[in-house]
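To start, the structure itself, in structure tokens.
In what follows, every chain begins at residue 1, and chains take the letters A, B, ... in the order their sequences are listed. All heavy atoms count here, side chains included; hydrogens, waters and symmetry mates do not.
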Amino acid sequence: MDYQFKDIENKWQQFWADHQTYKADNQSAKPKYYVLDMFPYPSGAGLHVGHPLGYIASDIFSRYKRLKGFNVLHPMGYDSFGLPAEQYAIQTGQHPAITTEENVNTYRRQLDQLGFSFDWSREVRTSSPDYYKWTQWIFMQLFNSWYNKADEKAESIEKLITHFAANGSNGITAVCDEDTLTFTAEEWNAMSQEAQQTELLKYRLTYLRESTVNWCPALGTVLANDEVKDGFSERGGYPVVQKKMMQWSMRITAYAERLLQGLDTIDWPEPLKEMQRNWIGKSVGASVKFPIESHESAIEVFTTRVDTIFGVTFVVLAPEHELVTSLTTPEQKAEVEAYIAQTKKKSELDRMADTKTVSGAFTGSYVLNPLNGERIQLWIADYVLAGYGTGAVMAVPSGDQRDYLFAKHFNLPIVPIIDTQNIETEADPTKEGKYINSDFINGLTYKEAVAAVVAKLESIGAGKAKINFRMRDAIFGRQRYWGEPVPVYFKNGLPYLISESELPLLLPEIDKYLPTETGEPPLGRAEGWKYQNEHEYELSTMPGWAGSSWYWYRYMDAHNGQEFASKEAVEYWKDVDLYIGGSEHATGHLLYSRFWNKFLKDLGVVFEEEPFKKLINQGMIQGRSNFTYRLAPLILNVDENYAKPEVYVSKGVYELYKEGDFDTIEQIALFYKDLLPEGAELGEMEFSKLHVDVNIVNNDVLDLAAFRQWRSENKNAIIILEDGTVVYPNDSTEQESKYICDSEVEKMSKSKFNVVNPDNIIERYGADTLRMYEMFLGPLEQSKPWNTNGIEGVFKFLRKFWRLFHNDQWEFTVSNEAPTKAELKSLHKIIRKVEEDIERFSFNTSVSSFMIAVNELTDLKCNKRAILQDMVVILSSYAPHICEELWALLGNEAGTLSYAAYPKFNPDYLVEDEFAYPVSINGKTKMNLSIALTLEPKDVEAFVLANADVQKYLDGKTPKKVIVVKGRIVNIVI
RNA sequence: GCUCGGGUGGUGGAACUGGUAGACACGCAGGACUUAAAAUCCUGUGAUCCUUAAAGAUCGUGCGGGUUCGAUUCCCGCCCCGAGUACCA
């Protein structure tokens with residue numbers, strides 16, 4: 001029979017499901033290999049053709065690893081809490097759990113028909129109570145932990161309490177809030193329970209803190225910075241205001257250094273690591289205190305160039321700095337207040353965007369340089385950010401461009417401090433040279449100066465070396481319904497954990513998915529929802545990243561009711577060997593996951609410092625839109641309800657028109673005039689470029705019949721083809737010419753009519769073709785537009801492969817004869833090539849090589865079992881269905897292919913006796929000469945020079961030089 | 001602005017460590033089979049020039065230079081496109 005992909009694919013998908021072919025065991029004599037995909041949020045739109053790209057790659061890799069003798073864990077699940085289902089619930093009243101269930105089913109159906117080798121027995125859903133029970137459990141562990149800097153790890157809060165009770169706060173170095181108290185053991189023990197809890201909250205790894213958030217009243221929720229555009233919510237465009245709120249936060253900053261160091265130990269794409277490094281934003285420098293003149297306190301600044309301290313000519317505070325009001329002198333009050341008011345009006349974004357204008361105000365106060373006592377003006381300016389460092393900077397206009405511009409604008413002094421500095425037109429941040437105007441560091445080099453200044457500052461208690469991180473603690477909560485409830489209740493305004501035995505804390509039912517009338521989150525609507533019928537629960541739910549920050553561990557032991565995963569399972573699977581997903585999660589999911597992983601390791605329940613050993617970013621699949629050109633001229637003297645005739649011109653005609661081709665312009669005008677009613681006048685000719693559904697376009701050729709049906713207005717359209725032929729609505733005669741559409745690469749989206757659904761492709765060509773074609777498209781990591789055009793080539797390849805096993809009557813026929821040298825050569829070339837390609841994730845080149853191999857075997861008319869059976873094994877990672885079928889036809893036990901052995905490469909079959917040396921004259925290839933590979937370079941040279949054709953090129957001259965690279969090339973220099 | 005990717009035929013792309021640029025596929029053109037179409041198969045296909053033809057010449061991997069017997073590959077300078085980030089002291 002001909003290649004019946006539909007029957008074959010249905011049959012084997014059913015077989016794999018029935019026999020649980022891909023169920024992985026938690027113990028095995030084989031080495032383990034864990035291949036993970038970033039699990040999807042099940043959206044209502046289902047999968048488009050871009051989504052499975054990474055899944056196909058990871059599936060090929062998983063199947064390959066099984067053939068290579070690994071025990072492979074390859075699971076899939078759903079990140080099923082999230083906004084879209086909740087938004088839909090608000091609009092329709094349908095419970096998000098129902099919407100989610102429906103969407104999950106669609107996803108499952110679509111994933112199944114792609115033939116993935118997932119172990120579905122381990123499926124997880126973050127919104128299921130058996131799962132979020134453990135998300136809540138991890139939250140509780142974080143609440144019960146603090147970060148001990150002395151050990152560089154998280155420890156139990158009990159240990160901290162014991163220490164406080166015995167030694168007070170003395171001897172504790174923790175990552176904690178800034179306002180922690182200093183107390184003795186007696187003082188601690190004398191504190192009330194509430195006071196102790198308040199103090200402990202400043203240490204816990206998840207804690208409540210008042211923070212400024214982007215509050216969107218219309219949506220009734222807090223938005224992340226990237227969900228706000230120009231002061232409006234990205235979704236819906238509602239106004240967003242800054243609001244102070246008590247929020248749960250995660251003390252991720254405790255792990256800043258470990259998160260940074262760990263990057264050097266993992267095999268991730270460099271750009272992604274770079275993004276995380278920038279996000280963490282470590283800078284090494286010093287903090288310096290500038291005493292305020294006739295004032296008790298000092299202004300503390302952070303600087304990375306402490307060596308430039310003698311170049312400081314002013315100090316600048318952020319307008320929001322807490323000392324601004326108290327340090328403003330009466331004379332400057334009006335100016336400073338006006339400036340602050342002006343800053344407040346500007347949104348955060350305006351402030352960042354407008355980096356050109358210099359603005360600021362003098363407070364009237366002075367600070368003193370701690371090293372030489374010099375009086376320094378104290379200013380405020382919005383280029384200093386309250387949120388970074390201490391919200392104050394020491395300005396060194398000779399070395400920093402912003403300070404330079406500020407000094408020029410306000411006529412402040414600029415003092416050069418290094419002898420090589422050139423500060424005539426701009427600041428010069430050089431570190432090369434010797435210091436001048438710098439007191440005791442004059443004449444020193446950069447390195448010497450830094451050490452000397454820091455030592456001096458420390459000795460007088462005016463500063464110290466310091467490392468600063470840009471990363472902030474992560475806000476952990478949103479005022480939404482569809483998320484994990486926080487397992488916390490409040491007593492006297494203080495948070496307490498519910499007990500572990502009460503987990504999971506189930507999401508209560510509510511009548512409407514909206515904030516309460518008093519502005520509380522939706523959970524405030526839950527009737528009688530109180531801890532022990534008495535205490536208020538936390539009403540916000542966890543953010544989207546909570547459930548995804550540990551899910552790879554749940555796959556290891558998905559049904560464990562006692563633990564998030566058993567120790568044995570975690571010890572066996574350890575970490576993810578290969579993780580495939582998009583780079584958009586660089587500073588979200590991938591950073592939070594590393595954070596939770598490190599915490600769980602400190603807790604002793606997992607064992608690896610890094611969760612994802614190797615990570616690959618698959619590129620985005622963009623859409624490729626098609627366009628038609630509709631004539632849309634100005635028409636005068638017609639009724640205002642007059643509907644213009646629908647006339648579309650082919651791309652070439654449009655282009656001729658635009659180029660000003662006289663005949664085309666005139667013909668179109670004449671033609672169009674005929675369509676107009678009596679008395680109407682044709683004005684200026686224009687064209688509308690309209691998106692057309694890519695599914696009715698094939699190789700940019702529009703399917704006219706489908707086009708007429710696509711939209712009712714098109715039914716009576718007049719269509720001008722590429723050669724100028726005019727097609728009228730009821731004209732069904734065959735045309736020589738075609739209607740050619742224009743094209744453009746854009747995002748894949750419904751509104752652009754460029755969404756290609758995998759269901760349609762599978763219906764037409766089958767999953768094996770789709771899988772191979774997605775790989776064939778180009779390198780996995782590169783973004784590329786989807787274009788269905790080339791898919792025929794892959795489909796033809798699979799048919800050709802099928803045909804190797806069949807005779808002209810489509811009867812299955814293979815021969816048991818011994819293979820020839822040429823056949824073995826083809827086979828072993830592909831054995832090696834596919835192995836190399838998969839190991840370096842170059843799937844596209846494998847597909848080409850398969851085509852070459854099948855072309856060669858077809859030319860050799862090879863139907864030998866010895867060759868074809870190995871071919872089936874090699875190809876099975878890419879096209880599993882057709883290979884299972886052929887494997888069974890070859891007489892093997894059904895379903896055993898997935899665990900067969902990858903054929904062993906034997907280099908002997910590729911040994912050549914001769915090589916066709918390219919012979920170049922002065923680097924330009926002129927001919928090929930077949931020469932035995934046993935010949936040494938000297939003999940090759942003699943052989944080549946003796947050749948008559950070479951002699952012709954030499955034209956009697958003696959070559960200056962002859963380069964012979966054995967087995968590669970001969971180059972003759974004349 | 002900074003950081004990181006990337007620029008190769010009409011198109012997607014290939015080229016190991018510096019060694020025959022354009023594999024493989026699409027598209028296109030021509031041919032075979034067919035009453036016809038579809039399907040299938042065969043041939044050709046970077047550009048320009050030259051020749052009746054066979055063959056040949058020149059140019060060619062974003063641009064300009066360099067290293068080398070030899071550069072898509074290495075080095076220097078620049079241009080364009082994409083992503084991330086943004087007053088970070």
Side-chain angles (χ1 to χ4, degrees), chain A residues 2 269-275 277-279 281-283 285 301-306 308 315-316 318 351-358 381-385 387-396 399-403 405-406 468-470 583-584 586-587 617 619-620 622 624 699-701 734 743 745 773 776-779 781-794 796-797 799-800 803 833 836 840 842 844-853 855 916-928 959-965 967-974:
Chain A
D2 195 355
E270 203 45 52
L272 204 126
K273 291 206 229 180
E274 202 55 33
M275 271 192 247
R277 284 193 193 104
N278 288 338
W279 188 264
K282 179 180 180 176
S283 33
V301 303
F302 174 74
T303 175
T304 53
R305 288 294 302 274
V306 73
T308 63
V315 164
V316 192
R351 240 173 99 169
M352 285 192 276
D354 182 18
T355 60
K356 294 264 153 31
T357 343
V358 176
D382 65 4
Y383 80 83
V384 177
L385 305 175
Y388 183 75
T390 57
V393 303
M394 59 178 224
V396 185
D400 182 287
Q401 186 59 19
R402 287 161 326 187
D403 297 346
L405 291 173
F406 196 85
N468 203 39
F469 290 98
R470 186 168 64 169
S583 60
E584 66 272 22
T587 51
N617 288 132
M620 274 236 296
Q622 295 142 314
R624 184 179 185 276
N699 281 323
D700 292 337
V701 177
E734 266 311 312
S743 68
V745 172
Y773 184 60
F776 188 58
L777 229 40
E781 300 182 66
Q782 219 167 283
S783 285
K784 57 226 152 201
W786 176 267
N787 188 346
T788 313
N789 288 356
I791 199 165
E792 294 275 350
V794 173
K796 276 191 228 167
F797 155 76
R799 277 193 72 189
K800 214 165 166 182
R803 247 200 351 225
K833 178 74 172 146
E836 283 173 359
R840 63 190 172 106
S842 173
N844 56 323
T845 49
S846 286
V847 180
S848 302
S849 308
F850 278 126
M851 290 174 172
I852 295 169
N855 288 346
Y917 280 89
V919 178
S920 339
I921 312 282
N922 290 335
K924 285 183 180 150
T925 313
K926 297 292 177 186
M927 68 191 94
N928 285 311
K960 281 200 194 112
K961 198 171 175 184
V962 179
I963 292 108
V964 178
V965 183
R968 284 243 185 258
I969 198 168
V970 177
N971 189 13
I972 301 166
V973 187
I974 306 178

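- Between A:Lys784 and A:Ala916, the residue whose closest nucleotide on RNA chain B is further toward the 5' end is A:Lys784.
- B:C76 and B:C26: their P atoms are spaced 41 Å apart (whole Å).
- A:Arg840 has no side-chain polar atom (N or O) that falls below the 4.0 Å cut-off from OP1 or OP2 of B:C16.
- Of the candidates B:A25, B:U40, B:A89, B:U40 carries the atom nearest the A:Arg803 side chain, counting heavy atoms from C-beta on.
- Within the nucleic acid shown, A:Pro918 comes within 4.0 Å of at least one base atom, counting heavy atoms only.
- When distances run from any side-chain atom of A:Met275 to the nucleotides B:G84, B:C87, B:C88, the shortest one goes to B:G84.
- Side-chain atoms of A:Ile963 lie closest to B:G19 of the nucleotides B:G19, B:C88, B:C26.
- In this structure, A:Val973 reaches the sugar-phosphate backbone alone: every heavy-atom distance under 4.0 Å involves primed, P, OP1 or OP2 atoms, never a base.
- Residue A:Arg799 places its side chain closer to B:U40 than to any other of B:U40, B:C16, B:C24.
- Across B:C16, B:G84, B:C87, the shortest atom-to-atom separation from the side chain of A:Leu385 is found for B:C87.
- A pairwise comparison of heavy atoms in A:Met275 and A:Thr587 identifies O-CG2, 3.9 Å as the closest pair.
- Between A:Ile852 and A:Asn787, the residue anchored nearer the 5' end of RNA chain B, judged by the nucleotide with its closest heavy atom, is A:Asn787.
- If you take atom C1' in B:C79 and the same atom in B:A53, they sit 46 Å apart, rounded to whole Å.
- The separation of B:C59 from B:G64, taken at their P atoms, amounts to 14 Å, rounded to a whole angstrom.
- For the pair A:Arg277 and A:Glu274, the salt-bridge criterion is met [side-chain N within less than 4.0 Å of a carboxylate O].
- The side chain of A:Met851 has B:A25 as its nearest neighbour among B:A57, B:A25, B:C88.
- As judged by a 4.0 angstrom heavy-atom cut-off over every strand, A:Phe850 is placed among residues making no nucleic acid contact.
- Closest to the side chain of A:Arg402, out of B:A23, B:C87, B:G84, is B:C87.
- Residue A:Lys960 is out of contact with every strand shown, counting any heavy-atom pair closer than 4.0 Å.
- Among the heavy atoms of the strands, none lies under 4.0 Å from A:Glu792.
- Glycosidic conformation at B:G9 (O4'-C1'-N9-C4 for purines, O4'-C1'-N1-C2 for pyrimidines): syn, within 90° of 0.
- Heavy atoms of A:Pro779 sit under 4.0 angstrom from primed sugar atoms or phosphate atoms, though from no base atom.
- Counting any heavy atom pair closer than 4.0 Å across all strands shown, A:Asp403 reaches no nucleic acid atom.
- Within 4.0 Å (heavy atoms only), A:Asn844 reaches sugar-phosphate atoms of the nucleic acid but no base atom.
- Distance from the side chain of A:Pro271 is smallest to B:C4 among B:G12, B:U40, B:C4.
- A:Lys926 comes within contact range of the sugar-phosphate backbone alone, with a heavy-atom separation under 4.0 Å but no base atom that close.
- Between A:Ile921 and the options A:Val973, A:Asn971, A:Ile972, a side chain to side chain contact (heavy atoms under 4.5 Å, CB included) holds for only A:Ile972.
- Residues A:Met927 and A:Val919 form a side-chain contact, since some pair of their non-hydrogen atoms from C-beta on lies under 4.5 Å apart.
- Between A:Phe797 and A:Phe850, the ring-plane angle classifies as tilted under the 30° and 60° cut-offs.
- Listed nucleotides: B:A89, B:G19, B:A14. Nearest to the side chain of A:Arg968: B:G19.
- If you check B:G19, B:C24, B:C26 against the side chain of A:Val965, the one that comes closest is B:G19.
- Straight-line distance from the CG atom of A:Asn971 to the C1' atom of B:G70: 6 Å, rounded to whole Å.
- The two atoms that bring A:Asp382 and A:Leu385 nearest to each other are O-CD2, 4.4 Å, heavy atoms only.
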